[in-house]
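The structure appears right after this line, and notes come after that.
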Amino acid sequence: MPSWPGCIRRDCAPRAADSHAGVLYGLAGTSFVREALTWSARHGLGFRLPREPGPLLPGMVPAPVLGELGPLVEHADSLGVPLPQTVLTNPSPASRLGSYEALRSQVIARLAELPEGTSELFLHPAPDAKGIPAERVWESRLLRDEAWHDALQREGITLVSSWWD
């Protein structure tokens with residue numbers, strides 16, 4: 001278990017790391033995923049690198065990065081670093097989505113694309129407050145939406161608390 005001073009003072013125990021905004025994946029140049037995987041292994045953490053592109057990556061990640069996915073997954077496996085099967089997220093701002101219903105339809109439609117295994121739903125739910133982007137408010141609403149829960153059930157998706165255990 002990691003024993004970073006900040007975590008000890010706050011009584012937290014992280015179980016996984018990520019490359020928020022894709023900086024480690026090389027979306028803006030050099031990839032540092034191999035180093036991040038080695039670091040994750042040293043600290044006993046999983047890492048948010050999808051085993052399969054699934055509904056997240058096509059169109060969002062440059063082809064050279066996708067071309068490295070297989071070798072990176074093999075590297076993670078050799079180090080014993082847990083990875084999610086894939087990641088499902090909403091990459092679009094409200095201005096592109098147009099409405100809450102469009103967000104809900106888009107994310108529900110992507111459920112059918114999820115591969116077998118444990119995947120991660122990656123959202124940024126937030127309250128409806130000044131300065132909060134509408135898509136974040138809509139993501140919060142989605143998690144409470146009966147249509148969303150019905151879609152999960154229709155697709156035979158079982159919710160679990162983590163992909164790293």
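Positions are given from 1 along the sequence. Just so it is clear, the model here is predicted, and its values are computed rather than measured.
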Counting N and O atoms only, with roles assigned by atom type, does the side chain of T89 sit under 3.5 Å from a partner on the main chain of F122, one being a donor and the other an acceptor? yes
With the side chain counted from C-beta on, respond yes when P133 and H124 share a heavy-atom pair under 4.5 Å apart, and no when they do not. no
Measuring only between side-chain heavy atoms, which start at C-beta, is R110 closer than 4.5 Å to L114? no
Side-chain heavy atoms of V81 within contact of W39, under 4.5 Å: no
Nearest 0.5 Å, what's the CD-CD distance between Q153 and E146? 10.0 Å
Assigning hydrophobic clusters by single linkage (Ile, Leu, Val, Met, Phe, Trp, Tyr; side-chain heavy-atom cutoff under 4.5 Å), is W164 placed with L37? no
Under a single-linkage definition using a 4.5 Å side-chain heavy-atom cutoff for Ile, Leu, Val, Met, Phe, Trp and Tyr, are F32 and V73 assigned to the same hydrophobic cluster? yes
In L83, V87, L88, the residue satisfying side-chain contact (heavy atoms from CB on, under 4.5 Å) with E120 is V87
Between L152 and L159, the two heavy atoms sitting closest are CD1-CD2, 3.9 Å
Salt bridge or not for R136 and E139, using N-O below 4.0 Å? yes
How close do T86 and P53 get, counting heavy atoms only, and between which atoms? OG1-O, 3.1 Å
So, do V137 and Y100 sit near enough that their side-chain heavy atoms are less than 4.5 Å apart? no
Where do W138 and G98 come nearest, in terms of heavy atoms and distance? CH2-C, 4.0 Å
Passing option when S40 is tested against V33, D18, L45 for side-chain contact (heavy atoms from CB on, under 4.5 Å): L45
If you round to the nearest 0.5 Å, how far is CD of E101 from CD of Q106? 13.5 Å
Is it true that W163 and L121 fall in one hydrophobic cluster, defined by side-chain heavy atoms closer than 4.5 Å? no
Any side-chain heavy-atom pair of E52 and Q85 under 4.5 Å: yes
Do S105 side-chain atoms and A102 backbone N/O form a donor-acceptor pair below 3.5 Å? no
Where is the tightest heavy-atom contact between L97 and S92, given as atom of each residue plus distance? CD1-O, 3.5 Å
What are the two closest heavy atoms between P84 and F47, and how far apart are they? CD-O, 3.5 Å
Side-chain heavy-atom pair E113, S119 within 4.5 angstrom cut-off: no
For the atom pair CG (D150) and CD (E155), what is the distance rounded to the nearest 0.5 Å? 12.0 Å
Looking only at non-hydrogen atoms, find the nearest pair between P125 and L143 and report the distance. CG-CD1, 3.9 Å
E135 side chain reached by L103 side chain, heavy atoms, under 4.5 Å: no
